[in-house]
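Below: one structure, written as structure tokens.
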Number of protein chains: 2
Amino acid sequence: MSTNCSNCPLRKLDAFTDMSGPEIAFMEKFKTGELEAQPGTEIMAQGQSSTHLFTCLTGMGLRYKTLEDGRRQVIGFVLPGDFIGLQAGVMSEMEHSVEASTSMRLCTFNRSDLWTLFSSHPTRAYDLTRIAALEEIFLGEALAVVGQLDALAKVSWALHRFYTRLDSVNMVRDGHARLPYRQQDLADALGLSLVHTNKTLARLREDQIATWSDEKLTIHDMTRLTRLAHAESDGYAKRPLI
Amino acid sequence: MSTNCSNCPLRKLDAFTDMSGPEIAFMEKFKTGELEAQPGTEIMAQGQSSTHLFTCLTGMGLRYKTLEDGRRQVIGFVLPGDFIGLQAGVMSEMEHSVEASTSMRLCTFNRSDLWTLFSSHPTRAYDLTRIAALEEIFLGEALAVVGQLDALAKVSWALHRFYTRLDSVNMVRDGHARLPYRQQDLADALGLSLVHTNKTLARLREDQIATWSDEKLTIHDMTRLTRLAHAESDGYAKRPLI
DNA sequence: CGATTACTTGAGGCCTGTCAATGATGGTGG
DNA sequence: CCACCATCATTGACAGGCCTCAAGTAATCG
């Protein structure tokens, strides 16, 4: 069973900007199908070009760069509504990989159609550029966190951001949210060792601030978490959906 | 004396993609003037919107985020050919500041004209998106460096990247390049303390790999520097100029 | 010539990485 | 059904890379 854009469940969320009728009609043509990705699958590979672009419909994944010595830097986490493959679309190849952490359902687009988007639907092109700018903003914030904060603040920031982003796509129920990543993923995102990440999570748990276990995230004290996280106040405005 | 786009000295460099006649004609209209910024001037401020966008014509600057506790993360360094204000253009406000390190000459554009760029010149819109994607690629690489590498590799990476980028805009003469930043700027970019940055630079100098003093960068052994830097081999392809 | 800024160098300590071992869980094959 | 293996989370011990503090030099400026 495939979803069409006119009744896309994501588009109705408050987190995303509105789309006009003609825009929706165009997206119906732009979208070529859907893809189911199993956990552990590599959706896009670093150093390769791709004929397809995606939007995450359901499920979660992560973006990461692999260094030649085997180390790994997690660049970000893919949640529903996220666009995948902008780099492959406008550059020759991807500079990071994207992997499915859970089973994921993805809307698929043809890279070759991207040019018609720019030439015939400037509002959609503008939205795509805004998405790129949002990525840039996030990476700048992540760089500041990894570069300047200590371990407790790093982990707090990550959990705070997970919770906020999951909440924006309606994936928080009764204060709980599914967080299907491994501690190693978080460690690789924050530039910490697995061991130290584990101990920092244990401390947040003991201090009754936040608990993340069995793939489930629970915030016990959002006030203290926000303070520890040095979280920027702005409650992330609406963003475009492709 | 003001430069017009048709004889823009940057456009002729190998580093930048070609521009068609109609594109150049449009840029002439799009460009509203030039601005001279003195060293230390804040060109764009974090948290503020701006009516103007810029392209760096000459001189150098830096982008940085300020944390509430006063710490600072340098997000990147602005060299000739770099576009400034993409975030201000397509989002409500900037999430980082831009400051002039030397005297800078900037091409100025009106933010309100940006929409006509998207609606009437899709090739230019595409280029703008590519620039955003390039920024994203750079920030991803910076995140991996700051998150995963040790101090020696971080500093080596930075010097290697400085040299490569300066070379691409023809600012290297006889193996020397002007690098008008302070050690504190580099430290804040790499997430290192000033003291440790200084000692790491001293070590690279003693080992006859690279010397950076008196605002002048000299590479003595590019082979070893490249190895230390874990530098990605791809010799940065052509990029668009706005 | 005092004040400011930037670079340099040394000493000491802590935050975080590495190493190592254990437990828990789940999948697999005999 | 159980031994076996792989993955992930957890905990302790220890070392080291990097930070902080501090002091000194040099250059620039009003």
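The chains referred to below are lettered A, B, ... by the order of the sequence lines, with proteins before strands, and numbering in each begins at 1.
Ion pairing of A:Lys31 with A:Glu34 is present here, as a side-chain N (NZ or NE/NH1/NH2) and a carboxylate O approach within less than 4.0 Å. Between B:Asp214 and B:Arg178 there is no salt bridge, since no side-chain nitrogen of the basic residue lies less than 4.0 Å from a carboxylate oxygen of the acidic one. Salt-bridge formation is not detected for the pair B:Arg173/B:Asp167: no Lys NZ or Arg NE/NH1/NH2 atom is positioned less than 4.0 Å from an Asp or Glu carboxylate oxygen.
Within a 6.0 Å radius of CG in B:Asp14, other residues, nucleotides and ligands contribute 12 heavy atoms or fewer.
Under the salt bridge (charged side-chain N to carboxylate O under 4.0 Å, His left out) criterion, the residue pairs touching residues 184-203 of chain A are A:Arg72-A:Asp185, A:Arg72-A:Asp188, A:Arg182-A:Asp185, A:Arg203-A:Asp207, with sequence neighbours excluded. Applying the salt bridge (charged side-chain N to carboxylate O under 4.0 Å, His left out) definition to pairs two or more places apart or across chains, those involving residues 46-66 of chain B are A:Glu232-B:Lys65, B:Arg63-B:Glu135.
A heavy-atom distance below 4.5 Å is found between the side chains of B:His176 and B:Lys216. Side-chain contact check for A:Asp221 versus A:Gln208: every heavy-atom pair is 4.5 Å or farther apart. Proximity of A:Leu190 to A:Trp157: side-chain heavy atoms (C-beta onward) are separated by under 4.5 Å at one or more points.
Rounded to a whole Å, the NE2 atom of A:His196 is 14 Å from the C1' atom of D:dG16.
In this structure, A:Tyr181 and A:Phe77 have perpendicular ring planes: the angle between them is above 60°, well past the 30° mark.
Atom CD of A:Glu141 sits about 9.5 Å away from atom CD1 of B:Ile75, to the nearest 0.5 Å. Between atom CE of residue B:Met91 and atom CG of residue A:Leu134 there is a gap of 4.0 Å, rounded to the nearest 0.5 Å.
Summarising the geometry of A:His160 relative to A:Ala231, their closest heavy-atom pair is CE1-CB, 3.6 Å, with the distance given to 0.1 Å.
One donor-acceptor pair, N or O on each side, does fall under 3.5 Å between the base of D:dG12 and the side chain of A:Lys199.
Contacts between residues 148-156 of chain A and DNA chain C, defined by a heavy-atom separation under 4.0 Å, are made by A:Asp150, A:Ala151.
The C1' atoms of five pairs define one axis at each end of the helix from C:dC1-D:dG30 to C:dG30-D:dC1, and these two axes lie 30° apart (to 10°).
From the 5' end on, the contacts that DNA chain C makes with chain B at under 4.0 Å to a non-hydrogen atom open and close at C:dA6 to C:dA11.
At a threshold of 4.0 angstrom between heavy atoms, the contacts of A:Gly40 with the nucleic acid are absent.
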So which protein nitrogen or oxygen atoms get under 3.5 Å of nucleotides 6-9 of chain D's nitrogens or oxygens?
unit_1	atom_1	unit_2	atom_2	d
D:dC8	OP1	A:Arg182	NH1	3.0
D:dC8	OP2	A:Arg182	NH1	3.3
D:dA9	OP1	A:Gln183	N	3.4
D:dA9	OP2	A:Gln183	N	3.2

